[in-house]
Visitor: 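My structure is below; once you've seen it, I'll send some questions.
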Amino acid sequence: MSNKRDNLKRVIVDFKKLTPEILSLLVEKYPDGYDDDNIITFKNANNEIVEAVEVTTSDTKYLVKVSTKLQMTMENYDEDDYEDFEGDDPDAVRDPELGEDDPELEIDDEDED
């Protein structure tokens, strides 16, 4: 006997491809944010290790790559910010303002004297 969830389409989602619909599902599933117990680690097709959190719809299992941008966007989520966008529009979710101490922020050393 097979489980219906085993037949779900599986989609890996990077922050750049995050849609308001998926972001809303993440915030609903992890209202206080995710922690290490929620993170799934796997190897992708290029044999690279990927860390992600999972959300599921009726037909798709989304594995959303973990990042500082994702965490900050979830913390600052307000559904009103996305009311003028379609639920599947990846351009609706903007990069959060990253601070200087953020490891994902690239600093241009040429500007420093």
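Please read these numbers as outputs of a predicted model, since none were measured by experiment. Along the sequence shown, residues are numbered consecutively beginning with 1.
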Visitor: Would you name the heavy atoms of V55 and K29 that are closest together and state the gap between them?
Guide: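 That would be CG1-CD, 4.0 Å.
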
Visitor: In chain order, what residues pass the side chain to side chain donor-acceptor pair (under 3.5 Å) check against E28, with sequence neighbours excluded?
Guide: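 Checked E28 against side chain to side chain donor-acceptor pair (under 3.5 Å); zero matches.
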
Visitor: Just how far is it from atom OG1 of T57 to atom CG of L8, taken to the nearest 0.5 Å?
Guide: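 Going from OG1 on T57 over to CG on L8, the span is 7.0 Å.
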
Visitor: Would the distance check show the side chain of N44 and the main-chain N or O of N46 forming a donor-acceptor pair, the cut-off being under 3.5 Å?
Guide: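 Checked: pair present.
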
Visitor: Could you list the donor-acceptor pairs under 3.5 angstrom formed by side chains in residues 14-24, with sequence neighbours left out?
Guide:
residue : atom : partner : partner atom : Å
D14     : OD2  : K16     : N            : 3.3
T19     : OG1  : I22     : N            : 3.2
T19     : OG1  : G87     : O            : 3.4

Visitor: Could you list who else is in I40's hydrophobic cluster, with ILVMFWY side chains joined at under 4.5 Å, directly or through other members?
Guide: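 Grouped by the 4.5 Å side-chain rule, I12, F42, V50, L63 form the rest of the cluster around I40.
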
Visitor: Using side-chain contact (heavy atoms from CB on, under 4.5 Å) as the criterion, list what pairs up with N47, not counting sequence neighbours.
Guide: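 Checked N47 against side-chain contact (heavy atoms from CB on, under 4.5 Å); matches are K43.
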
Visitor: Which is it for V66 and V64 under the side chain to side chain contact (heavy atoms under 4.5 Å, CB included) test, yes or no, and what are the steps along the way?
Guide: CA-CA 6 Å; V66 171; V64 183; over 6 Å; no

Visitor: Holding to ring pair (Phe, Tyr, Trp, His ring centres under 6.0 Å), I want the full list of residues that pass it with Y34, two or more places apart in sequence or in another chain.
Guide: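 By the ring pair (Phe, Tyr, Trp, His ring centres under 6.0 Å) rule, Y34 matches no residue at all.
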
Visitor: Applying side chain to side chain contact (heavy atoms under 4.5 Å, CB included) to K61 and E54, what does each step give before you reach the verdict?
Guide: CA-CA 7 Å; K61 180 183 289 190; E54 177 185 304; 3.7 Å; yes

Visitor: If the condition is side chain to side chain donor-acceptor pair (under 3.5 Å), which residues does D36 pass it with, not counting sequence neighbours?
Guide: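 Testing D36 for side chain to side chain donor-acceptor pair (under 3.5 Å), a comparison that skips the adjacent residues, returns none.
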
Visitor: Would you name the heavy atoms of E51 and I39 that are closest together and state the gap between them?
Guide: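 Heavy-atom minimum between the residues: CB-CG2, 3.7 Å.
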
Visitor: Could you tell me whether the side chain of N38 and the main chain of D35 form a donor-acceptor pair under 3.5 Å?
Guide: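 Judged by distance alone, yes, a pair lies under 3.5 Å.
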
Visitor: CG of L26 to CD of Q71: how many Å apart, nearest 0.5 Å?
Guide: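 The CD atom of Q71 is 12.0 Å from CG of L26, to the nearest 0.5 Å.
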
